[in-house]
Amino acid sequence: MNIQHNISLKSITSFGIDLIVNDFFELTNIADLPALSEVLERKIIGGGSNILCTQTPKGLVIANRTKGIKLIEEDANTALIEVASGEVWHDFVLYTLSQNLNGIENLALIPGTVGAAPIQNIGAYGVEVKDVIDSVIYWDWTDKKMVALSNIDCRFGYRDSIFKNELRNRFFIVSVRFRLSKIQQLQTTYGAINEELTNLNILRPNAKDVAQAVINIRSSKLPNPKEIGNAGSFFKNPNIPIQQYLDLKKRFATIPSYPVNEHTVKVPAGWLIEQCGWKGFRKNDYGVHEKQALVLVNYGNATGEEIWQLSSEILVSVKNTFGIELEREVQVW
Ligand code: EPU
């Protein structure tokens with residue numbers, strides 16, 4: 001196996017933090033998994049778009065570069081597609097559109113790989129990847145064997161799954177099977193999608209049009225990691241009890257909310273952070289994006305420690321102002 005040494009993570013993770021890893025391996029063939037199971041400690045990188053590195057990671061860093069998309073079966077209404085975990089997520093979205101398959105058009109332009117998608121149940125504009133996942137196949141580092149988990153067994157939640165909990169550090173996702181629809185089932189009610197379709201003069205949209213609208217919206221407010229380092233939403237949107245929300249509404253009349261169930265609402269963390277005055281904050285090379293307060297940014301030479309400190313200050317100020325404890329969404333190394 002070709003293990004490389006002293007590799008910088010600057011261009012390998014989207015935050016663009018310049019940390020040197022001692023041992024680095026690019027995995028292209030899953031036949032190497034049994035041998036890699038013998039390594040004492042390892043960390044896996046997919047697209048590197050949801051990781052903040054604050055210190056040199058211990059052990060072997062494995063970058064997932066596996067590729068392959070294949071049709072497993074199809075019927076009149078659906079197709080079951082198996083995708084290697086190292087495929088770039090957005091490329092896969094474009095592939096499904098080229099095959100006239102529906103279901104993930106709202107998830108266009110989400111950075112990262114197919115293998116990372118189930119781990120945090122990626123979601124945007126009213127769709128979560130759990131809605132189309134049939135099953136996930138992973139290599140178990142401890143038992144040294146392949147395991148297939150059904151959708152239910154993955155225990156998906158909001159930006160959550162079994163991979164962040166019981167299976168933490170135990171798995172390498174090899175491939176994901178998606179059940180996609182041949183029938184158009186557009187989800188355009190969320191956010192600015194309809195507004196953007198109107199701007200584009202599209203009266204009867206198809207999945208490609210919705211993907212284009214999502215691409216336009218995302219590009220207009222989320223920083224491109226190739227230009228400004230970031231890892232998308234840094235925090236999760238918190239769920240709070242309805243009573244707490246009603247009490248807050250007396251003090252902050254414009255606080256937005258989305259219903260979750262009869263006891264709970266979700267409030268946008270970006271709004272809370274903006275109200276605390278952080279939007280557009282910048283010190284040296286680290287800060288809060290000027291168009292989306294949920295996104296922390298590296299303007300060039302920020303350290304992981306600086307971004308971590310900033311996130312801690314934001315946590316304290318949101319807690320002091322609203323009594324809400326935010327939770328980080330990014331993985332911290
Ligand atoms: N808002 C503000 N100020 C801000 C940012 C947002 O007031 O600086 C308000 C907006 O006005 C809006 C609300 O917050 O009322 C929601 O904002 P937006 O639609 O931009 O979405 P979000 O809740 O901030 C979530 C996901 C994104 C996903 C978008 C669109 C999380 C943690 N983030 O962001 O996912 O793209 O919805 O569906 O759930 C990611 O996970 O990395 C990610 C980018």
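Note that ligands are numbered from 1 as they come in the structure, with each ligand's atoms numbered from 1 the same way.
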With sequence neighbours excluded, tell me which residues meet side-chain contact (heavy atoms from CB on, under 4.5 Å) with His263.
Asn261
Residue portion contacting ligand 1 (non-hydrogen atoms closer than 4.0 Å) for Tyr258:
side chain
Of the side chain and backbone of Glu274, name the one, both, or neither that has a heavy atom under 4.0 Å from an atom of ligand 1.
side chain
Polar proximity ligand 1 side, Ala293 side, N/O cut 3.5 Å exclusive:
yes
Residue part near ligand 1, for Tyr158, under 4.0 Å between non-hydrogen atoms:
side chain
Out of Gly112, Pro256, Ser233, Ala269, whose heavy atom is nearest to atom 33 (N) of ligand 1?
Ser233
Within reach of ligand 1, part of Pro268 (heavy-atom separation under 4.0 Å):
side chain
For Pro205, is there any backbone N or O sitting under 3.5 Å from a side-chain donor or acceptor partner on Gln184?
yes
In terms of side-chain heavy atoms, does Asp23 have a donor or acceptor partner in His5 at a distance below 3.5 Å?
yes
Nearest heavy atom to atom 23 (O) of ligand 1 wins, so pick from Val330, Thr254, Asn237.
Asn237
Quick one: does NZ or CZ of Arg328 land under 6.0 Å from the six-membered ring centre of Phe234, within 45 degrees of the ring axis?
no
Counting heavy atoms only, which of Phe235, Phe234, Trp271 is nearest atom 1 (N) of ligand 1?
Trp271
Are the side chains of Thr78 and Lys182 in touch, meaning some heavy atoms are under 4.5 Å apart?
no
Would Arg170 and Trp139 count as a cation-pi pair here, with the cationic atom under 6.0 angstrom from the ring centre and within 45° of the axis?
no
State which residue, out of Lys164, Lys236, Arg159, fulfils the salt bridge (charged side-chain N to carboxylate O under 4.0 Å, His left out) condition with Glu327.
Lys236
Between ligand 1 and Lys221, is the shortest N or O to N or O distance under 3.5 Å?
yes
For Lys279, the ligand 1 atoms with a heavy-atom partner under 4.0 Å come out as 3 (N), 4 (C), 8 (O)
Are Arg177 and Glu73 close enough for a salt bridge, meaning some N to O gap below 4.0 Å?
no
Any side-chain heavy-atom pair from Arg218 and Ile110 closer than 4.5 angstrom?
yes
Proximity flag Arg218 to ligand 1, non-hydrogen atoms under 4.0 Å:
yes
Heavy-atom proximity to atom 26 (C) of ligand 1 ranks first, among Arg159, Lys291, Glu327, for Arg159
Does Gln120 reach ligand 1, in the sense of a heavy atom lying below 4.0 Å from it?
no
Within ligand 1, which atoms have a heavy atom of Gly232 less than 4.0 Å away?
42 (O)
